[in-house]
Amino acid sequence: SEILLNIKGYRKMRDTLNLGFFVPIVYDYSADDVAPYIVLEYCGPDFQCLLEAGACSVSVTEPLLETLRKVFRSSCTVGPDGPESIQELISMIDKLVDEFVVPHFALSKVIMGRFRSLPKGFRNLPHKWTFASWDFTPNNLCKLKDIKFIDPRGDKITGNPIPGLACYAGILRDVHRFRNADVAYDMVYHFATGELAEVLKMERELAKKCFLLGRLFQSLMSVSFRVAKSCSQAEPFLIAAKEYLAQIA
């Protein structure tokens with residue numbers, strides 16, 4: 001199923017979004033139950049490996065933003081995908097809260113009310129969209145000569161891209177604390193809420209809220225990865241999620 005999802009994603013990015021330059025060449029694949037495989041172009045090390053080996057966050061983020069300028073220009077269009085992607089993300093946030101937060105932590109009525117009221121804050125989103133992924137993480141980006149996105153996971157790869165950029169920035173700075181991540185975070189934030197917001201015809205304040213929504217989602221994902229092992233390890237990310245939630249409200 002993972003291989004088939006990626007094949008769908010590669011095809012849509014190449015054939016529908018004109019983003020063949022941003023995904024690997026697929027040489028062969030099989031979804032046979034016994035021995036599934038996929039053979040891709042070699043894309044170089046992923047960002048996660050580069051950063052863990054000591055690469056500067058800025059040195060990988062600068063060329064990424066240059067590539068994304070081309071990606072967003074090539075894929076930007078008008079339709080319902082932009083607002084719908086935000087509402088889908090809010091639904092995912094609700095599911096994370098119900099499955100991984102409520103069973104382990106006591107949330108006040110105020111906090112729960114803010115979670116349930118999230119859709120109200122994103123009612124007037126413009127109908128512009130581009131390539132987008134909620135799983136826009138360093139381990140899904142590779143660089144040899146060019147930067148490639150290697151894990152599109154299906155054909156739902158369009159929408160508002162700002163939350164995905166927020167996930168990338170948050171992982172650099174707050175999850176792994178990679179070298180010079182503070183500077184890289186600010187670069188991504190200003191790109192997403194400034195230049196990209198203009199492309200999407202969004203008011204800057206609304207773009208900031210979309211960025212905060214991505215940070216909220218990424219923080220709750222961090223809770224979900226940790227809470228089964230240790231509530232104490234998950235708690236700092238829940239505290240961060242509450243702070244982002246308050247800023248959105």
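Here the structure is a predicted model, which means the values were calculated and not measured. Along the sequence shown, residues are numbered consecutively beginning with 1.
- Within the 4.5 Å cutoff, no side-chain heavy atoms of Glu235 are placed close to those of Val223.
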Could you walk me through whether Glu52 and Gln48 pass the side chain to side chain donor-acceptor pair (under 3.5 Å) check?
CA-CA 6 Å; Glu52 287 176 351; Gln48 185 84 17; 3.0 Å; yes

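- A salt bridge links Arg215 with Asp174; the closest basic N to acidic carboxylate O contact falls under 4.0 Å.
- If you run side chain to side chain contact (heavy atoms under 4.5 Å, CB included) between Thr193 and each of Glu205, Arg204, Lys209, only Arg204 comes through.
- When side chains are defined from C-beta on, Tyr37 does not count as touching Asp32, because their heavy atoms never get closer than 4.5 Å.
- Within a 6.0 Å sphere centred on NZ of Lys143, other residues, nucleotides and ligands contribute more than 12 heavy atoms.
- When all heavy atoms are compared, the tightest approach of Phe72 to Leu165 is CE1-CD1, 4.3 Å.
- For the pair Glu203 and Asn124, the minimum side-chain heavy-atom distance is 4.5 Å or more.
- When all heavy atoms of Ile157 and Gly154 are compared, the pair lying nearest together is CG2-O, 3.6 Å.
- A distance-only check finds no donor-acceptor pair linking the side chain of Asp81 to the backbone of Thr158 [under 3.5 Å].
- The backbone N or O of Cys56 sits less than 3.5 Å from a side-chain atom of Ser59, completing a donor-acceptor pair.
- Between the side chain of Ser91 and the main chain of Gln87, a donor-acceptor pair closer than 3.5 Å is present.
- Using a 4.5 Å heavy-atom threshold, the side chains of Tyr42 and Lys148 count as separate.
- Here the side chain of Arg177 pairs no donor or acceptor atom with the backbone of Arg173 at under 3.5 angstrom.
- Judged by distance alone, the side chain of Ser219 and the main-chain N or O of Ala240 form no donor-acceptor pair under 3.5 Å.
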Intermediate values then yes/no, side-chain contact (heavy atoms from CB on, under 4.5 Å), Leu213 and Ile86:
CA-CA 9 Å; Leu213 190 70; Ile86 295 295; 3.8 Å; yes

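- Distance check, rounded to the nearest 0.5 Å: CZ of Phe115 to CD1 of Ile248 gives 9.0 Å.
- Leu220 places a side-chain heavy atom less than 4.5 Å from the side chain of Ile93.
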Check step by step if side-chain contact (heavy atoms from CB on, under 4.5 Å) holds for Tyr168 and Asn140.
CA-CA 10 Å; Tyr168 169 86; Asn140 284 334; over 6 Å; no

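- Ring geometry for Phe22 against Phe149 counts as parallel: the plane angle stays under 30°, on a 0 to 90° scale with 60° as the upper cut.
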One pair to check against ring pair (Phe, Tyr, Trp, His ring centres under 6.0 Å): Phe237 and Phe225. What are the steps and the verdict?
CA-CA 10 Å; Phe237 294 98; Phe225 293 146; 9.7 Å; no

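- Listed for the Ser75 side chain is a donor-acceptor partner under 3.5 Å among the backbone atoms of Phe131.
- Judged purely by atom type and a 3.5 angstrom limit, Asn180 has no side-chain atom pairing as donor or acceptor with the backbone of Val183.
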Using the side-chain contact (heavy atoms from CB on, under 4.5 Å) rule, take Met92 and Met221 through it: C-alpha gap first, then chi angles, then the decisive distance, then the call.
CA-CA 10 Å; Met92 293 169 72; Met221 285 292 289; over 6 Å; no

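- Between Leu118 and Leu245, some side-chain heavy-atom pair lies under the 4.5 Å cut-off.
- The shortest heavy-atom contact between Ile162 and Asn160 is N-OD1, 3.0 Å.
- Contact of the Thr137 side chain with the Gln218 side chain is not registered, since no non-hydrogen atoms from C-beta on lie closer than 4.5 Å.
- For the pair Trp129/Leu200, no side-chain contact is recorded, criterion being any heavy-atom separation below 4.5 Å from C-beta on.
- In this structure, the side chain of Glu41 engages the main chain of Ile25 through a donor-acceptor pair within 3.5 Å.
- With hydrogens and angles disregarded, no donor-acceptor distance shorter than 3.5 Å links the side chain of Ser230 to the backbone of Arg226.
- Taking a cutoff of 4.0 Å between a charged side-chain nitrogen and a carboxylate oxygen, Arg116 and Asp98 qualify as a salt bridge.
- No continuous path of hydrophobic side-chain contacts links Val78 to Val199 [ILVMFWY only; heavy atoms under 4.5 Å].
- Classified by interplanar angle (parallel below 30°, tilted 30° to 60°, perpendicular above 60°), the ring pair Tyr189/Phe211 is perpendicular.
- Remark: the backbone N or O of Lys201 is not paired with any side-chain donor or acceptor of Lys128 at under 3.5 angstrom.
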With side-chain contact (heavy atoms from CB on, under 4.5 Å) as the test, would you mind laying out the steps for Met112 and Val97 before giving the verdict?
CA-CA 9 Å; Met112 287 302 299; Val97 170; 4.3 Å; yes

